[in-house]
Amino acid sequence: MHLLRKLGFYLAALWAAVTLNFFIPRLLPGSPVDAVLAKLALRGPVDPGTRRSIEIMLGADDDQPVIQEYFAYLGGLFSGDLGVSVTYFPTPVTDIIAQALPWTLMLVGMATVFTFILGMALGTIAGWKRGTWLDSLIPATTILQAVPYFWLALLFIYVLSVNLDIFPIAGGYDASLVRPAFDYPFLSNAVYYGFLPALTIVLSSLGGWLLGMRNMMVSTLSEDYILTAEAKGLSPRRVMIMYAARNAMLPSVSGFAISLGFVVSGSIVVETVFSYPGIGFTMLQAVNNNDYSLMQGLFLIITVAVLAANLVVDLLYGIIDPRTRARG
C-alpha cells in the first residue's frame, strides 16, 4: 500500500509536468514555423502553401484548438513520437536526444557520481578527525563552489588550453582523427576532450558535499548510540562507517537524488562554454530557436529522470534508514 501511494504520487507529478511541458513553450514569444520558413528562404523562394504544411507537421496549427493539440501531444508521447526539430530540421527529436544524451550521461553523470563519493569520503574523514589537515581543505573547496561555473571554465580554458595547450578548447572529440565508435581510439579521445569540463564540474560542486557531510558527522558523533558503540569495544573504523557515516549521510542522499536526476539536463553553462555536444548545449539551441518540439522532448527527459531518481532513492531510503520503513 505504501508503495502504491508513492507510485500514485509520482504518476500525478509526471502528468502535471507533462502538461506544463506542453503549455509553457507556447507562451514564449516567436514561432517555430517562422524559424523553419526563414531557413527554407535561405535556399530560395518559398511557396505560400509551405507555411500550412509546416504548421501541421510541427503541431503548431493556429486553426486547431489548443486542447486538441494537447491530446495529440499526449498521443505522440505514448507512441514515442516527439515531433520534428526546428533547430536541426527535419531531424526527429528522438534522434537528436539519442545523440546528445550519451555525452551528458558520461560527462556530467560520471562527474556527479565521482564528486558525491569523493565528497562523502573526505567529509566522513574530516568529521571523524576534526582539526586535521583535511579541515583546511574545506574553505578552499567552498570558495571554488561559490565561483560561477562559467568563470571557472573560462579560467581553465585560458590557462590549460590557450596558454599551456594541454587540453582542447571545445568539442566532444576530434572529428579529424576519430569517428564515434565503441573502441579505444574514440573513447580515449572523448575522455581527453571531456576532462576539462569534468574537472570544472567536480571542483565546483565538491565543496558542498564535503562541508555538508563533515558537519553532519560532527553532529552525529555526539549521539548516544555512537558512545554506546564505542563502549561495546567496536573498532573505530566500524563505528565511523556503520554508525556515524551511515546516519550522517542521510540528508545528502536526498540531495544526491536531485543532482542525479538533473544529470540529463547537463550543465548548460559548462557545455555551452566548452561547446560540448550534450543535452545542456542542445537545450540552449532549442530555446534560442523557439524549437517547441525539441524543448518539450528535453524537458520531458529531464522530468522523467528527476522523478525516477527521486523514486528510486525514496525506496532505497528505507534500506539506509529502517525508521522510515516503520513509519511507512
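Just so you know, these numbers come straight off a predicted model, no measurement behind them.
Within 6.0 Å of OH in Y192 there are more than 12 heavy atoms belonging to other residues, nucleotides or ligands.
Sorted by first and then second residue, the ring-ring contact (aromatic ring centres under 6.0 Å, His included) pairs with a member in residues 196-223 read F116-W209; sequence neighbours excluded. Among residue pairs with one or both ends in residues 189-216, those qualifying as salt bridge (Lys or Arg N to Asp or Glu O under 4.0 Å) are D135-R214; sequence neighbours excluded. Applying the side-chain hydrogen bond (donor to acceptor under 3.5 Å, both in side chains) test to every pair with at least one member in residues 218-230, sequence neighbours left out, gives no pairs at all. Residue pairs meeting the salt bridge (Lys or Arg N to Asp or Glu O under 4.0 Å) criterion with at least one member in residues 174-196: none, sequence neighbours excluded.
Evaluation of the side chain to side chain contact (heavy atoms under 4.5 Å, CB included) rule for T91 yields Y88, D95, I96 as partners, not counting sequence neighbours. For V113, the side chain to side chain contact (heavy atoms under 4.5 Å, CB included) partners are I117, F256, L260, not counting sequence neighbours. Under the side chain to side chain donor-acceptor pair (under 3.5 Å) criterion, N189 pairs with no residue at all, not counting sequence neighbours. Judged as a side chain to side chain contact (heavy atoms under 4.5 Å, CB included), and not counting sequence neighbours, the contacts of A17 are T303. Evaluation of the side chain to side chain donor-acceptor pair (under 3.5 Å) rule for W15 yields Y70 as partners, not counting sequence neighbours. The side chain to side chain contact (heavy atoms under 4.5 Å, CB included) test applied to V18 returns L14, Y73, L74, L77, L300, not counting sequence neighbours. Residues meeting the side chain to side chain donor-acceptor pair (under 3.5 Å) test with N215, sequence neighbours left out: none.
Atom CD1 of I301 sits about 12.5 Å away from atom CD of Q296, to the nearest 0.5 Å. Taking CD of E271 as the reference point, atom CZ of F281 lies at 9.0 Å (rounded to 0.5 Å).
Shown here for V93 and S85, the closest heavy-atom pair between the two residues is CG2-N, 3.9 Å. Among all heavy-atom pairs drawn from L107 and G194, the shortest one is CD1-O, 3.4 Å. Looking at every heavy atom in both residues, T282 comes nearest to A100 through OG1-CB, 3.6 Å. Minimum interatomic distance between A170 and S275 (heavy atoms only, all atoms of both residues): CB-CB, 3.9 Å. Between N21 and M295, the shortest heavy-atom contact is OD1-O, 4.2 Å.
Ring-centre distance between Y193 and W103: not below the 6.0 Å cut-off.
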Which atom pairs, donor and acceptor, lie under 3.5 Å between side-chain atoms of residues 153-162 and protein residues at least two apart or in another chain?
{"unit_1": "S161", "atom_1": "OG", "unit_2": "F167", "atom_2": "O", "d": "3.0"}
{"unit_1": "S161", "atom_1": "OG", "unit_2": "P168", "atom_2": "O", "d": "3.3"}

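Without hydrogens or angle criteria, T104 side chain to L101 main chain gives no donor-acceptor distance under 3.5 Å.
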Worked check of side-chain contact (heavy atoms from CB on, under 4.5 Å) between M110 and L105: CA-CA 7 Å; M110 295 298 292; L105 289 178; over 6 Å; no
